[in-house]
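Computed from a predicted structure; not experimentally measured. We count residues from 1, following the sequence as given.
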Amino acid sequence: QLQLVESGGGLVQPGGSLRLSCAASDLSSDYYATGWFRQAPGKEREEVACEGASDGSTYYADFVKGRFTISRDNAKKMVYLQMNSLKPEDTATYYCAVDIHDFTTAQAMCVMQMGRWGQGTQVTVSS
């Protein structure tokens, strides 16, 4: 079974930046889709950003376009979410996910909220 461990969350001021990391232990292939999702208190879980397994596609929710960037380092088996220009409404628990099917697109990963999940890391944006 794939183990995912998120880190990098914390308290930041509005307009600040933060980089979340996800260690994808036991991953044996470079062909996997990745995603970041979040859930705020009293709200449904929502997609944030995803990357396709093998086609290089990316998908971003409208509320993070131009501010967040998803990336990976296959050699280190790490997935990242760079978050800039953070807003109070970005406050949530953030989860990473990985899907090992090599045909999964970024859009499918995000819209269908696919994959195996980590334990989450808390991000709080406040003055």
Side-chain angles (χ1 to χ4, degrees):
Q1 280 288 323
L2 185 64
Q3 182 179 8
L4 304 175
V5 181
E6 298 98 332
S7 62
L11 175 64
V12 297
Q13 296 188 115
S17 297
L18 204 62
R19 188 177 77 159
L20 305 184
S21 299
C22 177
S25 301
D26 303 318
L27 196 61
S28 60
S29 174
D30 290 340
Y31 298 100
Y32 55 92
T34 63
W36 287 93
F37 304 84
R38 72 187 189 188
Q39 187 167 26
K43 300 187 68 176
E44 294 293 317
R45 185 174 60 204
E46 58 187 356
E47 64 271 17
V48 175
C50 294
E51 185 175 9
S54 59
D55 62 357
S57 63
T58 57
Y59 177 95
Y60 293 94
D62 288 340
F63 53 80
V64 304
K65 287 181 178 177
R67 299 191 298 124
F68 292 8
T69 303
I70 187 171
S71 63
R72 73 174 73 184
D73 186 328
N74 288 333
K76 297 181 179 179
K77 294 181 170 58
M78 297 289 290
V79 183
Y80 305 103
L81 182 68
Q82 178 66 46
M83 305 186 296
N84 300 324
S85 302
L86 284 162
K87 306 174 181 179
E89 52 262 45
D90 293 320
T91 296
T93 300
Y94 284 72
Y95 303 88
C96 71
V98 172
D99 185 271
I100 62 173
H101 299 111
D102 61 7
F103 49 79
T104 301
T105 65
Q107 184 174 10
M109 183 74 180
C110 260
V111 173
M112 299 180 68
Q113 298 191 6
M114 301 175 64
R116 302 178 185 274
W117 298 75
Q119 86 288 352
T121 186
Q122 179 66 39
V123 172
T124 302
V125 185
S126 176
S127 298

Flag if over 12 foreign heavy atoms under 6.0 Å of CD1, I100: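 No, CD1 of I100 has 12 or fewer neighbouring heavy atoms, counting only those of other groups under 6.0 Å.
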
Is the number of heavy atoms from other residues, nucleotides or ligands under 6.0 Å of Q122 CD greater than 12?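 Result for CD/Q122: enclosed.
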
Would you please test T104 and M109 for side chain to side chain contact (heavy atoms under 4.5 Å, CB included) and show each step? CA-CA 7 Å; T104 301; M109 183 74 180; 4.2 Å; yes

Give a yes or no answer on whether the side chain of [X] reaches the backbone of [Y] with a donor-acceptor pair at less than 3.5 Å.
{"X": "E6", "Y": "Q119", "answer": "yes"}
{"X": "Q113", "Y": "R45", "answer": "yes"}
{"X": "Q107", "Y": "V111", "answer": "no"}

Of all residues at least two apart in sequence or in a different chain, which pass the salt bridge (Lys or Arg N to Asp or Glu O under 4.0 Å) check with D90?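 Only R38, R67 meet the salt bridge (Lys or Arg N to Asp or Glu O under 4.0 Å) criterion with D90.
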
Tell me which pairs pass disulfide (SG to SG under 2.5 Å) where either residue lies in residues 25-85, with sequence neighbours left out.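 Found C50-C110.
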
If I compare all heavy atoms of [X] with all of [Y], which pair ends up nearest, and what's the gap?
{"X": "V5", "Y": "Q3", "answer": "CG2-NE2, 4.0 Å"}
{"X": "Q39", "Y": "A92", "answer": "O-CB, 3.4 Å"}
{"X": "R72", "Y": "D30", "answer": "NH1-O, 3.5 Å"}

Between W117 and F37, is the ring centroid distance below 6.0 Å?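 Judged by ring-centre distance (under 6.0 Å), W117 and F37 do meet the cut-off.
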
side-chain hydrogen bond (donor to acceptor under 3.5 Å, both in side chains) partners of residues 9-23, not counting sequence neighbours, each pair once: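 Found S17-N84.
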
Heavy-atom side-chain contact between [X] and [Y] under 4.5 Å:
{"X": "T69", "Y": "L81", "result": "no"}
{"X": "M114", "Y": "D99", "result": "yes"}
{"X": "P14", "Y": "V125", "result": "yes"}
{"X": "L86", "Y": "F68", "result": "yes"}
{"X": "P88", "Y": "S126", "result": "no"}

Inter- and intrachain pairs under ring pair (Phe, Tyr, Trp, His ring centres under 6.0 Å), touching residues 75-110, at least two apart: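 Found H101-F103.
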
Transitive ILVMFWY cluster of L11, excluding itself - 4.5 Å side-chain cut-off: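 Besides L11, the hydrophobic cluster comprises nothing; the residue is isolated.
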
In Å and rounded to the nearest 0.5 Å, what is the CZ to NZ distance from F63 to K87?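 The CZ atom of F63 sits 10.5 Å away from the NZ atom of K87.
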
Assess whether side chain to side chain contact (heavy atoms under 4.5 Å, CB included) is satisfied between C22 and L4, documenting all intermediate values. CA-CA 6 Å; C22 177; L4 304 175; 4.0 Å; yes

Using distance alone, with no hydrogens and no angle criterion, decide if Y32 and N74 have a side-chain donor and acceptor under 3.5 Å apart.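 There is such a pair between these side chains.
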
Show me the donor-acceptor pairs within less than 3.5 Å that the side chains of residues 54-62 make with the rest of the protein, sequence neighbours left out.
| from | atom 1 | to | atom 2 | distance (Å) |
| --- | --- | --- | --- | --- |
| S54 | OG | D102 | O | 2.9 |
| D55 | OD1 | S57 | N | 3.1 |
| D55 | OD1 | S57 | OG | 2.8 |
| D55 | OD2 | S57 | OG | 3.2 |
| S57 | OG | A106 | N | 3.2 |
| Y60 | OH | I70 | N | 3.0 |
| D62 | OD1 | K65 | NZ | 3.1 |

Carefully, step by step, assess V123 and L18 under the rule side chain to side chain contact (heavy atoms under 4.5 Å, CB included). CA-CA 9 Å; V123 172; L18 204 62; 4.0 Å; yes

